[in-house]
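All remarks here apply to the structure that follows.
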Amino acid sequence: MSTSLLYHAFGFRGYDYVKTDYRDGGLTFTIGQRRHTYRCQVCNSRDVHPRGHQERTFKTVPIGHKPVSVVLPIPRVHCPRCDLIRQVAVPFADPRRTYTRAFERYALELGRLMTIQDVAQHLQVSWDVIKDIQKRDLQRRFRKPRLCKLKRIAIDEIAVAKGHRYLTVVLNLDTGAVVFVGEGKGAEALDPFWRRLRASKAKVEAVATDMSAAYIGAVTRCLPDATLVFDRFHVMKLVNDKLTSLRRQLHAQATAEGKQVLKGVRWLLLKRPENLDARRGEQRRLREALRLNAPLAAAYYLKEDLSQFWEQEDEEQAQAFLLDWLARAEGSGIPIVVGLAQTLREHALGLMAYYDYPISTGPLEGTNNKIKTMKRQAYGYRDKEFFKLKILAAHETKYALLG
Ligand SMILES: [Zn+2]
């Protein structure tokens with residue numbers, strides 16, 4: 001080992017190689033700082049007087065499977081200008097860290113290919129050390145996403161911990177980046193987002209959300225000039241939920257034979273017709289059930305029709321379609337369907353807004369899937385901030401650090 005290898009291979013500049021020890025299956029280099037590089041850490045003055053050393057050990061990048069540590073007696077100096085005794089700066093490691101920046105960079109590189117557990121094992125450090133390295137990197141890059149260019153966003157909540165905990169996520173629909181992750185669901189979860197959005201002076205034009213009163217209230221209050229677009233998938237989910245309620249209601253009133261038929265079509269009602277499996281006779285069973293239950297059939301065909309609302313040529317046709325659909329639904333005489341139609345009529349503006357801004361919360365589904373994968377991974381979400389940072393980083397595959 002030589003001083004120049006120390007510099008070229010490990011990046012220690014301004015230090016002399018002193019010795020190598022082989023212990024515990026690893027290598028330990030001792031290095032020394034050259035006298036002429038001593039500086040005051042505060043004022044950067046060279047006019048300093050040595051006052052002994054404080055020895056510290058840093059982990060650095062391994063050689064193959066051999067862990068490598070560096071021992072440096074850090075000089076203490078007296079600076080007459082500051083009239084203080086301090087250690088000189090250590091340029092190759094962050095303050096209070098027990099590893100070098102090179103080690104950090106290496107751990108981050110590995111984290112793109114390996115789980116935290118694997119990286120920790122390979123580098124022979126604890127899981128927490130690797131997690132902290134990743135967390136600080138994510139904080140630097142993603143803690144405060146820039147909001148000033150936001151134009152079109154989607155807002156939705158995501159269930160974590162089997163529905164015991166919710167996160168509210170805001171997505172930039174133009175870039176696919178998550179720009180905010182709030183704790184909880186409902187309007188309060190978004191409060192920090194609105195504050196930061198105001199400060200950024202962004203001109204948000206359109207927002208896709210579900211039809212919940214909380215989001216409608218928050219968006220109209222905080223972004224009065226933005227167009228609110230009700231997400232088609234949430235609308236269709238609401239319609240499916242109503243269809244399920246209706247089936248349940250009919251089931252409760254049905255005869256034994258009717259019960260059997262209704263029970264068998266539970267999922268078929270919610271499937272898109274093109275997804276029905278002919279080999280399993282799904283079309284036939286559904287047709288049969290609908291034939292026996294006039295109200296269910298009416299509701300089912302209204303549901304299938306409604307999905308065509310988002311496929312109209314233009315705004316004018318869409319409006320005609322919606323008015324026709326609402327009239328038919330309200331005229332169906334089925335209380336659940338009439339109630340649904342009233343809800344949709346009240347929200348007609350936000351439905352029609354799709355023809356000004358054809359946006360949805362659909363792209364958040366991708367984020368949702370990534371979160372599900374992250375939840376399955378070992379670290380879970382015990383460290384809430386780490387979990388949120390990973391969501392903010394999720395769209396940048398470069399930083400998709402594995403659990
Ligand atoms: Zn000084």
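Only a predicted model underlies this, so the values are computations on that prediction, with no experimental measurement involved.
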Enter the distance from [X]:[atom1] to [Y]:[atom2] here, rounded to the nearest 0.5 Å.
X	Y	atom1	atom2	value
His251	Leu246	NE2	CG	13.0 Å
Asp156	Asp231	CG	CG	7.0 Å
Thr57	Tyr99	OG1	OH	15.0 Å
Leu138	Ile391	CG	CD1	11.5 Å
Thr343	Leu238	OG1	CG	6.5 Å

Would a distance-only check, ignoring hydrogens and angles, find a side-chain to backbone donor-acceptor pair under 3.5 Å from [X] to [Y]?
X	Y	result
Lys271	Glu282	no
Asn172	Ala177	no
Arg143	Arg136	no
Gln41	Gln87	yes
Asp94	Arg97	no
Thr168	Gly184	yes
Asp383	Phe386	yes
Tyr17	Thr20	yes
Trp325	Leu302	yes
Lys185	Tyr166	no

Taking atom [atom1] of [X] as the centre, does the number of heavy atoms from other residues, nucleotides or ligands within less than 6.0 Å exceed 12?
X	atom1	result
Leu349	CG	no
Glu311	CD	yes
Gln253	CD	yes
Arg86	CZ	no
Arg272	CZ	no
Lys259	NZ	yes

Step-by-step salt bridge (charged side-chain N to carboxylate O under 4.0 Å, His left out) determination, Arg165 to Glu183: CA-CA 8 Å; Arg165 185 176 161 226; Glu183 200 65 51; 2.8 Å; yes
Determine, for [X] against [Y], whether the closest basic-nitrogen to carboxylate-oxygen distance falls under 4.0 angstrom.
X	Y	answer
Arg152	Glu205	no
Lys390	Glu385	no
Glu330	Arg345	yes

Using only heavy-atom distances, determine whether the side chains of [X] and [Y] contain a donor-acceptor pair under 3.5 Å.
X	Y	value
Tyr354	Glu315	no
Gln319	Gln312	no
Asp241	Thr244	no
Asp210	Ser212	yes
Thr28	Asp21	no

Worked verdict on Arg328 versus Asp324 for salt bridge (charged side-chain N to carboxylate O under 4.0 Å, His left out): CA-CA 6 Å; Arg328 281 189 293 139; Asp324 175 64; 3.3 Å; yes
Whether Phe321 and Phe309 hold their rings parallel, tilted or perpendicular, with breakpoints at 30° and 60°: tilted
[X] versus [Y]: any side-chain heavy-atom pair under 4.5 Å?
X	Y	value
Val119	Leu113	no
Leu286	Tyr300	yes
Ser69	Phe58	no
His49	Pro80	yes
Arg146	Lys149	yes
Tyr38	Pro50	yes
Val219	Trp194	yes
Ile74	Gln33	no

To check you understand the geometry: which heavy-atom pair defines the closest contact between [X] and [Y], and what is its length?
X	Y	result
Phe230	Leu351	CD1-N, 3.8 Å
Ser307	Met236	CB-CE, 3.9 Å
Asp137	Arg141	OD1-NE, 2.8 Å
Ser360	Leu173	O-CD2, 3.7 Å
Ala299	Leu243	CB-CD1, 3.6 Å
Leu123	Ala107	CD1-CB, 3.8 Å

side-chain contact (heavy atoms from CB on, under 4.5 Å) between Leu110 and His122, intermediate numbers included: CA-CA 10 Å; Leu110 292 177; His122 175 64; 3.7 Å; yes
Intermediate values then yes/no, side chain to side chain donor-acceptor pair (under 3.5 Å), Tyr215 and Glu157: CA-CA 10 Å; Tyr215 287 154; Glu157 68 217 15; 3.2 Å; yes
Stepwise salt bridge (charged side-chain N to carboxylate O under 4.0 Å, His left out) test for Glu288 and Arg291: CA-CA 5 Å; Glu288 183 74 355; Arg291 195 177 56 77; 3.2 Å; yes
Test ring-ring contact (aromatic ring centres under 6.0 Å, His included) applied to Phe92 and Phe10, Phe103, Tyr15, the passing residue: Tyr15
Criterion side-chain contact (heavy atoms from CB on, under 4.5 Å) on Leu389 and Lys384, from CA distance to verdict: CA-CA 9 Å; Leu389 284 165; Lys384 287 184 183 181; over 6 Å; no
Evaluation steps, side-chain contact (heavy atoms from CB on, under 4.5 Å), between Leu147 and Phe193: CA-CA 10 Å; Leu147 303 180; Phe193 175 69; 4.2 Å; yes
Chi angles and distances behind the side-chain contact (heavy atoms from CB on, under 4.5 Å) call for Leu190, Val170: CA-CA 9 Å; Leu190 286 165; Val170 181; 3.8 Å; yes
Intermediate values then yes/no, salt bridge (charged side-chain N to carboxylate O under 4.0 Å, His left out), Arg81 and Asp47: CA-CA 8 Å; Arg81 207 192 287 179; Asp47 175 29; over 6 Å; no
